[in-house]
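Each chain gets a letter, A, B and so on, in the order its sequence line appears, and its residues count up from 1. Hydrogens, waters and symmetry mates play no part in the numbers below; they use all other heavy atoms, side chains included.
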2 protein chains.
Amino acid sequence: MARLAGVSQATVSLVLSPKPDGKGRIISEETRQRVLEAARSLGYVPDPAARRLAAARNNLLGVFSFTATFPTDVQHSYYPFLVGVEREAAALGYDLVLFTGSSTGGAGATGPDALSRVRLADGCLFIGRHTPRAELKRLVEDGFPVVHLGRREELEGVAWVGADYVEATREVVGHLAELGHRRIVLVREDDDAPASTDRQRGFLEGLVATGLPSGPTAVFRSADPQRELSPERLRAWVDEGVTAFVAEETDTGAAWRSLLSAVREAGLDCPGEVSLALLGSPPADLASEPEPTGFDIPRPQLGAAAVRLLAALVAGEEAREPLVSCVFRPGPTTAPPRARP
Amino acid sequence: MARLAGVSQATVSLVLSPKPDGKGRIISEETRQRVLEAARSLGYVPDPAARRLAAARNNLLGVFSFTATFPTDVQHSYYPFLVGVEREAAALGYDLVLFTGSSTGGAGATGPDALSRVRLADGCLFIGRHTPRAELKRLVEDGFPVVHLGRREELEGVAWVGADYVEATREVVGHLAELGHRRIVLVREDDDAPASTDRQRGFLEGLVATGLPSGPTAVFRSADPQRELSPERLRAWVDEGVTAFVAEETDTGAAWRSLLSAVREAGLDCPGEVSLALLGSPPADLASEPEPTGFDIPRPQLGAAAVRLLAALVAGEEAREPLVSCVFRPGPTTAPPRARP
DNA sequence: TTGTAAGCGTTATCAT
DNA sequence: ATGATAACGCTTACAA
């Protein structure tokens with residue numbers, strides 16, 4: 001105890017825990033220094049558990065992912081988010097605790113108390129798709145600050161931050177319209193994840209906003225794009241006057257991939273005969289090719305925004321973090337449509 | 001409290017916290033069920049903070065890197081280590097607290113006592129090159145469990161885990177000798193990091209072990225391999241009877257890079273005229289080419305071993321984790337030497 | 001301005 | 001087999 005070293009007692013607490021009230025310092029500068037000095041020489045650090053137990057705060061923010069946070073397959077990792085999470089947490093004065101256990105089941109992956117350990121922190125960030133709803137809800141109901149990284153509107157009351165796919169997609173459509181394209185087709189998979197429906201909404205809104213006919217624009221759906229998006233179908237669209245295609249980004253990149261191969265097989269030149277855009281980033285194995293027109297998801301910023309929101313909740317604020325904007329990425333796959341005979 | 005719901009008291013603790021001792025259950029099955037039922041209906045979960053406070057153990061392992069744990073440049077990241085660290089920590093029931101050299105600013109400024117923040121964990125893992133020796137030593141002297149990832153013998157008393165470069169290099173030399181090579185040259189930079197000298201030692205030991213003459217074998221050193229490792233020099237070696245070259249792996253991959261370019265410029269065919277081996281993994285930008293003969297550093301295993309050692313220290317054991325073995329990687333860059341006229 | 005004392009929710013040690 | 005009760009290390013009124 002620094003108490004013995006110095007001369008005081010739980011005065012230590014007062015000097016070591018700056019009240020957020022700002023002017024809460026009712027400690028004489030002298031004792032303050034004495035305590036600080038003693039703490040330093042003893043290498044004393046307040047126990048986070050005790051601190052939290054005493055109904056105070058730890059300065060610890062949790063990160064919990066439902067799969068391993070560091071999967072062996074680097075492609076699928078949350079790394080880009082973590083970059084922002086770490087930076088923002090540091091900037092805000094929080095340390096990060098990475099709750100393990102979901103990864104291997106070692107320390108209790110399942111069970112009703114799988115999530116209970118996160119209560120050690122002041123609040124917790126959740127990343128990943130397979131969220132145990134009940135547990136999360138329980139946490140929220142208990143007033144524990146929780147933020148989900150990625151849109152999660154079905155989980156009532158769970159705060160989240162996400163990327164603004166609607167606006168970003170609108171922007172891509174706007175770009176095409178500006179180039180002179182009048183008929184555009186959206187290629188998407190048959191899936192109703194928010195990430196997917198958001199893009200479709202943005203696509204339609206984009207058409208409306210630029211005064212393009214939304215009627216004739218086809219929305220392509222398929223669980224098996226390989227088979228459905230045939231070169232013939234593509235060619236038919238082009239013959240009907242379609243000059244641009246936009247594909248959504250998915251885990252597998254299937255939509256984009258099948259679009260590319262259909263274009264190739266149909267012998268169409270890009271961007272000569274058709275313009276192509278990708279609503280997101282290309283899959284890793286296509287990363288070496290020049291990046292197509294589209295937008296980038298600012299993952300580090302998303303991570304940072306999530307931390308900011310979480311910190312606000314921890315501080316008892318009612319803060320609401322808006323959607324994070326994606327950034328438009330110009331590319332060589334779009335150009336003005338060729339004049340038609 | 002489940003206490004009220006059920007009928008008992010801190011008996012709850014007994015049923016909710018299975019002792020690792022195995023047969024610690026001295027609770028009647030009836031009460032046991034009653035408590036379990038009450039807990040479930042109330043949605044009761046033990047408070048981790050209180051739990052850890054009482055147990056005088058936080059189940060927290062620190063991870064301290066002297067740069068950001070998640071650098072923006074993924075190339076230099078500790079990701080491969082982290083994979084193992086996370087997995088092992090989870091398996092052992094520990095959560096991870098992430099500290100960063102730059103970021104400790106939040107709760108404690110980047111002063112000389114920045115490192116003392118790690119004391120909030122039960123022990124701490126250090127990763128990276130720029131270790132503040134004094135601070136680290138202080139922690140160790142205070143009996144705080146510390147493990148350094150990567151060999152650090154100069155830091156007296158600091159536990160560490162590292163890769164067995166000596167053995168791995170010996171193995172590569174053995175492989176070449178087995179193929180029939182008699183004169184082998186080691187290409188290394190002029191640097192005396194353990195990672196570098198270990199390989200040299202392994203190289204020499206390998207020669208001795210296989211009965212090869214170590215005298216005529218040249219050890220190439222250069223701070224500027226570009227200039228020193230000329231195609232002419234290479235050609236001269238080959239004319240003298242050298243049939244194989246092994247290069248060390250470094251941050252920049254300079255040794256391997258200059259070896260490759262010298263071979264190319266000298267117009268030598270690999271593995272026809274010379275066999276090449278790399279003592280480690282190729283730099284990221286050369287990753288697409290077929291992997292050369294050499295060995296892989298099992299980074300995840302290293303991370304796991306470090307955690308294991310740290311956990312042992314935390315538990316008060318005197319454990320000693322041996323060097324982690326690298327795994328030999330056969331490749332297309334080595335072949336039996338061509339018969340000489 | 002600083003010391004005193006009452007918890008915070010568990011675990012652990014005794015008694016029962 | 002279970003119920004009291006004292007820590008655990010800290011925060012926080014409240015008293016001095």
Side-chain angles (χ1 to χ4, degrees), chain A residues 1-21 23-39 42-60 95 108 113 116-122 139 142-144 314-316, chain B residues 1-21 23-36 38-39 42-60 93 107-108 116-117 119-122 144:
Chain A
M1 305 259 221
R3 333 199 151 173
L4 302 184
V7 263
S8 28
Q9 303 201 263
T11 305
V12 172
S13 177
L14 278 298
V15 15
L16 258 40
S17 313
K19 292 278 84 179
D21 300 44
K23 53 173 298 187
R25 49 174 305 270
I26 39 175
I27 301 291
S28 77
E29 193 55 27
E30 187 200 325
T31 25
R32 192 181 129 74
Q33 289 306 336
R34 191 145 26 98
V35 171
L36 252 26
E37 172 53 35
L42 262 52
Y44 166 86
V45 173
D47 182 316
R51 227 175 179 174
R52 180 135 179 86
L53 181 56
R57 44 191 334 224
N58 275 41
N59 264 65
L60 252 35
D95 282 318
D113 54 331
S116 82
R117 34 200 337 212
V118 308
R119 293 170 193 261
L120 176 65
D122 290 344
L139 245 27
D142 288 358
F144 184 81
V314 166
Chain B
M1 303 264 218
R3 334 199 151 174
L4 303 184
V7 264
S8 26
Q9 309 204 273
T11 305
V12 173
S13 175
L14 278 297
V15 16
L16 258 39
S17 317
K19 293 276 86 178
D21 300 42
K23 53 171 300 187
R25 49 175 303 272
I26 40 175
I27 301 291
S28 77
E29 192 55 27
E30 187 200 324
T31 19
R32 194 180 127 75
Q33 288 306 335
R34 190 144 28 97
V35 171
L36 252 27
L42 263 54
Y44 166 88
V45 280
D47 180 325
R51 186 180 268 227
R52 292 173 188 204
L53 177 55
R57 217 161 149 259
N58 279 324
N59 269 281
L60 251 32
S116 80
R117 278 198 60 65
R119 291 176 193 258
L120 98 209
D122 294 334
F144 185 81

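B:Arg51 CZ to A:Arg117 CZ: the interatomic distance, rounded to the nearest 0.5 Å, is 10.0 Å. To the nearest 0.5 Å, atom CG of residue B:Asn58 and atom CG of residue B:Asp122 are 5.0 Å apart.
The separation between A:Asp47 atom CG and D:dA7 atom C1' is 14 Å, rounded to whole Å. Residue A:Gln33 contributes atom CD, which lies 15 Å from atom P of C:dT1 at whole-angstrom precision. Remark: C1' of D:dT11 and CG of A:Asn59 are 14 Å apart, rounded to the nearest angstrom. Atom CZ of A:Arg52 is separated from atom P of D:dC10 by 16 Å (rounded to the nearest Å). When the P atom of D:dG9 is taken as reference, atom CZ of B:Arg119 falls 15 Å away, rounded to whole Å. Per the geometry, CG belonging to A:Leu53 stands 4 Å off C1' belonging to C:dC8, to the nearest Å. Taking atom CG of residue A:Asn58 and atom C1' of nucleotide D:dT11, one finds them 13 Å apart after rounding to whole Å. Look at OH on A:Tyr44: it is 7 Å from C1' on D:dG9, rounded to the nearest Å.
Nearest nucleotide to the B:Pro46 side chain, out of C:dT2, C:dT10, D:dC10: C:dT10. Taking every side-chain heavy atom of B:Ser17 into account, C:dT11 is the closest of D:dA1, C:dT11, C:dT1. When the nucleotides C:dT10, D:dG9, D:dT2 are ranked by their closest atom to the side chain of A:Ala50, D:dG9 comes out on top.
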May I have the step-by-step check of side-chain contact (heavy atoms from CB on, under 4.5 Å) for A:Leu120 and B:Leu60, ending in yes or no?
-> CA-CA 11 Å; A:Leu120 176 65; B:Leu60 251 32; 4.1 Å; yes
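Side chains of A:Gln33 and A:Glu37: a donor-acceptor N/O pair is absent below 3.5 angstrom, by distance only.
Contact annotation: A:Arg51 does not reach the phosphate of D:dG9 (side-chain N/O to OP1 or OP2, under 4.0 Å). Within the structure, a side-chain polar atom (N or O) of A:Thr31 is placed less than 4.0 Å from OP1 or OP2 of C:dT2.
Ion pairing of A:Arg119 with B:Asp47 is absent here, as no side-chain N (NZ or NE/NH1/NH2) approaches a carboxylate O to less than 4.0 Å.
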Using nucleotides 12-16 of chain D, report all nitrogen or oxygen pairs with the protein that are shorter than 3.5 Å.
from: D:dT12; atom 1: OP1; to: A:Lys19; atom 2: NZ; distance (Å): 3.3
from: D:dT12; atom 1: OP2; to: A:Lys19; atom 2: NZ; distance (Å): 3.0

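Minimum heavy-atom separation, B:Val45 to A:Ser116: CB-CB, 3.9 Å.
At least one side-chain heavy atom of B:Val15 sits less than 4.5 Å from a side-chain heavy atom of B:Leu36.
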